Amino acid sequence: MTDHETVLEATGIDHDYGTVSVLQDVSATVRRGTVTTLIGPNGSGKTTLIRALAGLHEPTRGEVTYHGPQTARRIGYLPQHPAFRPGFTCLETLEFYASLVGIDRKAAAAYLEQVGLADATDRPVEALSGGMTRLLGIAQATIGDPPVVVLDEPGSGLDPGMSAHVFDVAADLADDGIAVLLSSHDLELVERVADRVLVLSDGRIVERGSTATLEAEYGADSLWSVYESVIEGDLDTVRVQGEHA
Ligand SMILES: Nc1ncnc2c1ncn2[C@@H]1O[C@H](COP(=O)(O)OP(=O)(O)OP(=O)(O)O)[C@@H](O)[C@H]1O
């Protein structure tokens with residue numbers, strides 16, 4: 001593969017939940033060696049798009065295509081609310097995932113270290129804090145070195161230092177050639193690591209490009225400023241798609 005080759009691609013996807021249309025005609029690529037970030041207001045469809053790209057649900061229309069190498073594990077995924085089966089330690093949990101993806105169980109400890117959980121190796125998963133559970137989720141998403149890693153709000157619930165750390169981990173994964181897609185509301189951290197930014201609003205990608213390109217285009221000095229310009233209307237109201245319930 002050449003650098004920055006497309007590994008995962010959504011083409012013209014729509015997603016409906018019943019009669020509610022949540023994504024409309026979304027096309028996007030996730031590229032090797034690149035951090036692609038998805039930003040947008042609450043309810044704009046980020047998780048729905050991420051789950052479609054990760055192969056967890058079929059889009060209603062359109063296609064998601066994987067172009068990467070044939071590996072035991074193609075896509076690692078961190079859900080927005082990671083949860084693990086109680087009764088096992090962090091290490092046992094990761095060893096289980098290692099065996100699922102066909103790698104040596106002994107490799108599991110290194111993935112815990114990578115996310116800063118080396119001291120929690122023997123802690124039962126039910127005794128982890130919310131942030132630690134998310135970190136274990138990130139370790140789980142990266143085990144087996146899948147060519148694509150998809151992280152739904154990896155910094156959510158983490159303290160500022162750990163949040164910055166997991167974004168740096170995402171950047172390191174991209175430096176190692178992995179195609180990383182992450183969603184986040186933390187625009188400062190997005191600005192720090194993003195090679196490409198996709199802005200989703202009301203189920204459509206309304207802007208895309210590198211931070212530098214977007215800032216130049218909007219005459220803005222920060223991604224937040226770009227965001228304010230791109231997202232029209234009230235920034236303090238959740239726009240609920242479909243019928244109001
Ligand atoms: N299972 C579901 N059934 C019906 N509607 C759903 C379902 N999941 C999500 N939705 C709706 O789809 C829309 C998009 O939700 P989604 O979770 O994809 O947004 P998001 O951008 O990830 O939001 P947030 O930033 O708040 O996490 C919302 O209006 C939400 O209420």
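One-based numbering, in listed order, for ligands and for the atoms of each. Everything quoted here is computed from the prediction, not taken from an experiment.
Listed by atom number, the atoms of ligand 1 under 4.0 Å from Pro41 heavy atoms are 21 (O). Atoms of ligand 1 lying under 4.0 Å from any heavy atom of Gln80, numbered from 1 in the order shown and given with element: 27 (O). Interface of Glu153 with ligand 1, defined as ligand atoms under 4.0 Å from a residue heavy atom, comprises 25 (O), 27 (O). Distances below 4.0 Å separate heavy atoms of Lys46 from the following atoms of ligand 1: 18 (O), 19 (O), 20 (P), 21 (O), 22 (O), 23 (O), 24 (P), 25 (O). Each of the atoms 25 (O) of ligand 1 lies under 4.0 Å from some heavy atom of His185.
The protein heavy atom nearest to atom 6 (C) of ligand 1 is Tyr17 CD1, 3.2 Å. Nearest to atom 29 (O) of ligand 1 among the protein's heavy atoms is Gln241 N, 3.8 Å. Here the protein heavy atom with the shortest distance to atom 17 (O) of ligand 1 is Thr47 CB, 3.6 Å. Regarding atom 26 (O) of ligand 1, its nearest protein heavy-atom neighbour is Asn42 ND2, 2.9 Å. Counting only heavy atoms of the protein, atom 28 (C) of ligand 1 lies nearest to Gly43 O, 3.8 Å. Shortest contact from atom 19 (O) of ligand 1 to any protein heavy atom: Gly45 N, 3.3 Å. Looking only at heavy atoms of the protein, atom 16 (P) of ligand 1 is closest to Thr48 OG1, 3.7 Å.
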Discussion item. Let's go through Leu8 and Leu181 carefully: what are the C-alpha distance in whole Å and the side-chain angles of both, what is the deciding distance for side chain to side chain contact (heavy atoms under 4.5 Å, CB included) to 0.1 Å, and is it a yes or a no?
Written reply: CA-CA 10 Å; Leu8 194 60; Leu181 172 68; 5.9 Å; no
Practice prompt. Start with the C-alpha gap between Tyr17 and Thr48, add the side-chain angles, then the distance that decides, and say whether side chain to side chain contact (heavy atoms under 4.5 Å, CB included) holds.
Written response: CA-CA 10 Å; Tyr17 291 113; Thr48 304; 2.9 Å; yes
Discussion item. Leu128 vs Leu135, test: side chain to side chain contact (heavy atoms under 4.5 Å, CB included). Steps then yes/no.
Written reply: CA-CA 10 Å; Leu128 297 179; Leu135 292 169; over 6 Å; no
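Gly33 approaches Asp195 most closely through the heavy-atom pair O-OD2, 4.3 Å. Nearest approach of Phe167 to Pro154, heavy atoms of both residues: CE1-CG, 4.3 Å.
Arg134 places a side-chain N or O within 3.5 Å of a backbone atom of Gln80 that can act as its donor or acceptor partner. With hydrogens and angles ignored, the 3.5 Å screen pairs a side-chain donor or acceptor of Lys46 with a backbone N or O of Pro41.
Each of Thr34, Thr37, Thr211, Thr29 was compared with Arg196 under the side chain to side chain donor-acceptor pair (under 3.5 Å) criterion, and only Thr29 meets it.
Distances from atom 31 (O) of ligand 1 to the protein include no heavy-atom value under 4.0 Å. Checking atom 14 (C) of ligand 1 against the protein gives a heavy-atom contact under 4.0 Å.
Using a non-hydrogen distance threshold of 4.0 Å, Val22 registers as a contact of ligand 1. For Gly203, the closest heavy-atom approach to ligand 1 does not fall below 4.0 Å. Ligand 1 lies out of reach of Arg51, whose nearest heavy atom is not under 4.0 Å from it. Taking 4.0 Å as the cut-off, Ser44 counts as a neighbour of ligand 1 on heavy-atom distance.
Annotation: side chain to side chain donor-acceptor pair (under 3.5 Å) contacts of Arg61 (sequence neighbours excluded): Asp14, Asp16. Scored by the side chain to side chain donor-acceptor pair (under 3.5 Å) test, Glu9 finds His67 as partners (sequence neighbours excluded).
Contact annotation: the side chain of Val30 never approaches that of Val7 to less than 4.5 Å [non-hydrogen atoms, C-beta and beyond]. Within the 4.5 Å cutoff, the side chain of Leu78 has no heavy atoms near those of the Asp152 side chain.
With a 4.0 Å heavy-atom cut-off, ligand 1 is reached by no atom of Ser183.
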